[in-house]
> 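Got a structure for you, written out below as structure tokens; questions coming shortly.
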Amino acid sequence: MSAALRAQKLSRSFTSRAVDGFTGAVGNTPLIHLKKLSEKTGCNIIGKAEFQNPGGSVKDRAALGVVRDAEERGLLKPGGTVVEGTAGNTGIGLAHVCRARGYKCVIFMPNSQSQEKIDLLRMLGAEVYPVPAVAYENPKNYNHQARDFAKSLPNSIWTDQFDNTANANAHYLSTGPEIWEQTGGQVDGFICATGTGGTLAGTGRYLKEKSDGKTQVWLADPPGSVLYSYISSGGKLTERSGGSITEGIGQGRITNNLGTFVKDVDGAFSIPDTESIEMVYDLLDGEGLYLGASSALNVVAAVKLAQQLGPGKTIATILCDGAYRYQSRLFSKEWLKAKGLEDAIPLHLKKYAVLD
């Protein structure tokens, strides 16, 4: 192979000229064709590489969206404080955005989150308050503590990622249009899990509008969440059982963000942790992608939607973030055994569980 051909195969075109700092680099992530899974299903399964955002996750979009909305509405002045209750990645995105735009950042989060996320938030200059993980109805829930803390400070905002629909609007204005353009308007299905509901609602609404309703939008749900039950029963049931190893997805209620679109969701899949953890390892081995459990869950769901819609369809999902923030768990033999997931990983993939 000639040097010119080798260079052509190793390069891809730039999407823009230089951008304006951290915030200018958010979005315009590539779509990755998942070759082996596409061959297996006879469909074109593609993942939006949100781990390539400058803060490392899809939540950079929501973080920038809610801060910009507060600035435009005059709620946040220079030198102010941004407060949020977050399971991790939104806080990381907010910490980056606050550093870039000159704000202080305070994060309340469940103490069940990975140590990598907590450490990173503190490295980025955020004040972090890990608090007991209790139900939303409990006044000590991390979201309520964040809200009350923001009220006690001058020139501060609680960004309220779950119910502030600037979150969903950020995806309506960016993620949806990007997927539509990158697929040439040929996207038959879109599916992802939801925590706040912003990604699914904003992206789904845009794709539904542009396709005149032809694009099917489905929800993927981990154990311990009510959303699969809610969608599958037409909004009548809110059953939940168990818990999940995934972080930041699943929900016990219909948030305002999800509420903007929930009636237009075409269906839902419940994805067990055993399938998600196997896909973490399968994506690493088969596609060379080092992704977290929520990304893996989305890919499992994309395969199920491909099988549901039939061969020849294009199915898009979200590759939320990399495995770097969870590696001390996902690739630990001791942790996998403690969670009862050791046997979920096929023998030929166990070689990747290199941590004790």
Side-chain angles (χ1 to χ4, degrees), residues 34 36-37 40 47 51 56-57 86-89 91-92 109-122 128 130-135 142 192-195 220-229 239-252 269-304 317-356:
L34 301 177
K36 292 196 173 183
L37 295 173
K40 176 182 176 182
F51 56 88
S57 88
T86 168
N89 278 336
I92 291 167
M109 67 190 305
N111 58 10
S112 58
Q113 300 304 297
S114 66
Q115 191 61 42
E116 288 97 335
K117 284 184 179 179
I118 297 171
D119 291 342
L120 178 56
L121 282 165
R122 288 174 172 156
V128 183
V131 298
V134 295
Y142 64 100
C192 69
T194 178
D221 215 25
S225 174
V226 304
L227 300 179
Y228 168 76
S229 175
E239 296 176 354
R240 66 195 302 180
S241 61
S244 176
I245 63 165
T246 57
E247 298 184 17
I249 57 174
Q251 187 54 262
F269 293 114
S270 178
I271 310 298
D273 281 350
T274 50
E275 294 184 29
S276 296
I277 194 68
E278 180 181 357
M279 186 61 77
V280 167
Y281 282 70
D282 192 54
L283 287 168
L284 177 57
D285 186 71
E287 304 284 352
L289 293 171
Y290 189 57
L291 301 174
S294 55
S295 299
L297 182 148
N298 282 346
V299 175
V300 172
V303 170
K304 291 182 183 293
T317 192
I318 300 293
L319 307 180
C320 317
D321 63 4
Y324 306 98
R325 293 170 184 171
Y326 320 96
Q327 61 191 21
S328 64
R329 298 182 181 187
L330 296 179
F331 298 92
S332 163
K333 287 174 277 195
E334 183 179 345
W335 183 84
L336 290 167
K337 187 175 182 179
K339 294 294 181 180
L341 295 172
E342 189 177 31
D343 293 336
I345 301 167
L347 186 61
H348 73 284
L349 298 179
K350 289 184 183 292
K351 62 186 177 183
Y352 296 110
V354 298
L355 303 178
D356 293 328

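Quick note: residue numbers are just sequence positions, from 1. Note: hydrogens, waters and symmetry copies are ignored here, and every other heavy atom, side chains too, is used.
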> Using modelled atom types and a 3.5 Å cut-off, is there a donor and acceptor pairing between side-chain atoms of Lys350 and backbone atoms of Glu342?
yes
> Under 4.5 Å between any side-chain heavy atoms of Met109 and Leu121, yes or no?
yes
> To check you understand the geometry: which heavy-atom pair defines the closest contact between His348 and Lys351, and what is its length?
O-CE, 3.6 Å
> With side chain to side chain contact (heavy atoms under 4.5 Å, CB included) as the test, would you mind laying out the steps for Cys320 and Asn298 before giving the verdict?
CA-CA 9 Å; Cys320 317; Asn298 282 346; 3.4 Å; yes
> Looking only at heavy atoms, what is the nearest atom pair of Ile271 and Ser276, with distance?
CG2-OG, 3.6 Å
> Report yes if the side chains of Val300 and Phe269 come closer than 4.5 Å at any heavy-atom pair, otherwise no.
no
> To the nearest 0.5 Å, what is the distance between CG (Asp321) and CG (Asn89)?
4.5 Å
> Donor-acceptor pair, distance only, cut-off 3.5 Å: does the side chain of Ser332 make one with the backbone of Asp356?
yes
> Does any part of the side chain of Trp335, heavy atoms only, come nearer than 4.5 Å to the side chain of Leu330, both counted from C-beta?
yes
> With a 6.0 Å cut-off (strictly less than), is the heavy-atom count around NZ of Lys337, excluding the residue itself, greater than 12?
no
> For Gly195, is there any backbone N or O sitting under 3.5 Å from a side-chain donor or acceptor partner on Gln251?
yes
> With rounding to the nearest 0.5 Å, note down the distance linking CD1 in Ile249 to OG in Ser244.
6.0 Å
> Got Leu37 and Met279 here, is their nearest side-chain heavy-atom distance under 4.5 Å?
yes
> Can you sort out the partners of Asp221 under side-chain hydrogen bond (donor to acceptor under 3.5 Å, both in side chains), two or more places apart, ordered by chain and number?
Ser225
> Which pair of heavy atoms, one from Ile277 and one from Ala344, lies closest together, and at what distance?
CG2-CB, 3.7 Å
> Taking C-beta and beyond as the side chain, do Val280 and Phe331 meet within less than 4.5 Å on heavy atoms?
yes
> Using side-chain heavy atoms (C-beta onward) and a distance below 4.5 Å, is Leu120 in contact with Arg325?
yes
> Could you tell me if the side chain of Val299 sits less than 4.5 Å from the side chain of Leu289, heavy atoms only?
no
> Locate the shortest heavy-atom distance separating Pro130 from Ile118; write the atom from each residue and the value.
CG-CD1, 4.5 Å
> Where do Cys192 and Ile318 come nearest, in terms of heavy atoms and distance?
CB-CG1, 4.1 Å
> With rounding to the nearest 0.5 Å, note down the distance linking CG in Asp343 to OG1 in Thr274.
11.0 Å
> Minimum heavy-atom separation for Pro346 and Glu278, please, with both atom names.
CG-OE2, 3.5 Å
> Hey, are the side chains of Leu297 and Pro222 touching, using non-hydrogen atoms and a 4.5 Å cut-off?
yes
> Which residue pairs satisfy the side chain to side chain donor-acceptor pair (under 3.5 Å) criterion with at least one member in residues 279-297, sequence neighbours excluded?
Asp285-Tyr352, Tyr290-Gln327
> Answer yes or no: are there more than 12 heavy-atom neighbours, outside Glu334 itself, under 6.0 Å from its atom CD?
no
> When rounded to the nearest 0.5 angstrom, what distance separates OH in Tyr326 from CD1 in Ile245?
11.0 Å
